[in-house]
Q: 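Here you go, one structure.
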Amino acid sequence: MRACTDIFASERKESALDLYAFHHAGGSRHSFAAWQTRFPDAIALHRVQLPGRSAEASDLLPKWAGGLIPDLARRFVRERAGSRRPFVFYGHSLGALIAFELARFLRLLGAEMPAGLVVASRRAPQCPLTHGELFSLPDEELVAALHRLGGVPAHMRGKDDWLRQMLPVIRADLMLSDIYRYAGQPPFACPILAVKGFDDPILSRDELAAWSTHTTREFVCAELSGAHFFDAAGTAQLQEILIDTLARWAEFEPAAVPA
């Protein structure tokens, strides 16, 4: 069976900008379920979901990130056919890597490029893995690591049986990130915003700042409340920064966020 990445389109059709969100390892489109209500009408949120979102289907995911990109790029180009709205990529952790590689592949195709790239909780692609592989940890150690990273939602804490059922998906995703090998290409001609949590145990400020080498335009680096995953305050900070940044990049007036 062929693995396909899905793009869940926004219902907003008259927005000024399209924001494509790429989830973290073990995540899904539901990772951004509440985001659309946090953005003004000028921003349409489209959620990108990797294949293999169940334990039974986790082996559908390619063993390297590059295996996802060609089909995703062609689907992306088809879905945007006829659109004249600018777009921006946002990726969290593994999602940042997928967004980065997708943008590079779009450039190779000669396709429209994003107006900007927002990367969260991910070291720059050229930085080597320094914290050790997560995908190969024994079950108990991996579960402990997920708790330490802040990657277990509050309503799921204490429900490690459910978490263990998701370990095949999480491992498959983490392998894409952990064994990634960077190949050099010229920097983008679009701005980059890079963010991380203050208490992220696997990402340093220097590793985040190294994203600056991938743009010839504006680069902004910021730290927010939380760890590898932002807490409620950090998520609110991120959404405020995104609204202001996207409005500036795409040159629209940010209206009030829906109540």
Side-chain angles (χ1 to χ4, degrees), residues 16-24 32 35 39 42-43 45-46 48 65 69 73 76 85-108 111-131 177 180-230 233-254:
L17 175 135
D18 292 318
L19 175 63
Y20 291 86
F22 299 76
H23 61 77
H24 57 83
F32 303 105
W35 276 40
F39 291 129
I43 300 173
L45 178 70
H46 308 269
V48 180
I69 302 303
F76 179 80
R85 293 195 301 210
F87 64 91
V88 167
F89 289 161
Y90 168 84
H92 188 106
S93 195
L94 171 64
L97 179 61
I98 300 299
F100 171 75
E101 287 293 339
L102 175 58
R104 298 213 299 177
F105 199 87
L106 291 174
R107 181 170 59 185
L108 291 175
E112 181 186 5
M113 292 293 288
L117 177 64
V118 184
V119 292
S121 301
R122 169 76 197 190
R123 67 189 185 280
Q126 73 275 18
C127 294
L129 184 69
T130 57
H131 59 72
S177 178
Y180 172 78
R181 296 295 179 267
Y182 172 71
Q185 285 187 24
F188 297 127
C190 70
I192 294 178
L193 166 64
V195 295
K196 69 178 286 291
F198 282 113
D199 301 318
D200 192 330
I202 62 172
L203 178 63
S204 71
R205 176 83 181 202
D206 287 345
E207 289 173 322
L208 186 73
W211 279 98
S212 64
T213 65
H214 294 287
T215 179
T216 60
R217 304 287 294 279
E218 174 192 62
F219 176 76
V220 175
C221 187
E223 291 185 281
L224 309 175
S225 179
H228 191 69
F229 294 88
F230 307 120
T235 300
Q237 291 171 336
L238 171 63
Q239 290 164 348
E240 290 176 7
I241 292 171
L242 279 175
I243 292 170
D244 291 342
T245 300
L246 300 185
R248 183 161 46 81
W249 285 353
E251 300 180 342
F252 65 83
E253 285 294 327

Q: Taking C-beta and beyond as the side chain, do Leu102 and Tyr20 meet within less than 4.5 Å on heavy atoms?
A: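 Contact flag for Leu102/Tyr20 side chains = no.
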Q: Would you mind listing every salt bridge (Lys or Arg N to Asp or Glu O under 4.0 Å) that reaches into residues 213-223, with sequence neighbours excluded?
A: Lys196-Glu223, Arg205-Glu223, Glu218-Arg248
Q: Taking only residues at least two apart or on different chains, which pairs with a member in residues 111-128 satisfy salt bridge (Lys or Arg N to Asp or Glu O under 4.0 Å)?
A: Arg80-Glu112
Q: For residues 85-106, pull every pair meeting salt bridge (Lys or Arg N to Asp or Glu O under 4.0 Å), keeping only residues two or more places apart or in separate chains.
A: Asp18-Arg85, Glu101-Arg104
Q: For Trp35, check side-chain hydrogen bond (donor to acceptor under 3.5 Å, both in side chains) against everything at least two apart and list the hits.
A: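 Partners of Trp35 under the side-chain hydrogen bond (donor to acceptor under 3.5 Å, both in side chains) test: none.
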Q: Hey, can you tell me if Phe32 and Tyr90 have their rings parallel, tilted or perpendicular (30° and 60° cut-offs)?
A: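 Phe32 vs Tyr90 ring planes: perpendicular.
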Q: Apply side-chain contact (heavy atoms from CB on, under 4.5 Å) to Ala236 and list each qualifying residue two or more places apart in sequence or on a separate chain.
A: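 For Ala236, no residue satisfies side-chain contact (heavy atoms from CB on, under 4.5 Å) once neighbours in sequence are set aside.
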Q: Who pairs with Pro114 by side-chain contact (heavy atoms from CB on, under 4.5 Å), at least two apart in sequence or on another chain?
A: Phe87, Phe89, Ala103
Q: Applying side-chain hydrogen bond (donor to acceptor under 3.5 Å, both in side chains), which residue pairs with at least one partner in residues 234-247 are found, sequence neighbours left out?
A: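 Every pair satisfying side-chain hydrogen bond (donor to acceptor under 3.5 Å, both in side chains) with a residue in residues 234-247: there are none.
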Q: Quick one: ring pair (Phe, Tyr, Trp, His ring centres under 6.0 Å) partners of Phe188, sequence neighbours excluded?
A: Phe100
Q: Return the set of residues passing side-chain hydrogen bond (donor to acceptor under 3.5 Å, both in side chains) with Ser212 (not counting sequence neighbours), or none when no residue passes.
A: none
Q: For Ala210, give me all partners under side-chain contact (heavy atoms from CB on, under 4.5 Å), at least two apart in sequence or on another chain.
A: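 Ala210: side-chain contact (heavy atoms from CB on, under 4.5 Å) contacts with Ala124, Gln126, Cys127.
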Q: Only counting residues at least two apart or in another chain, list the ones meeting ring pair (Phe, Tyr, Trp, His ring centres under 6.0 Å) with Tyr182.
A: His214
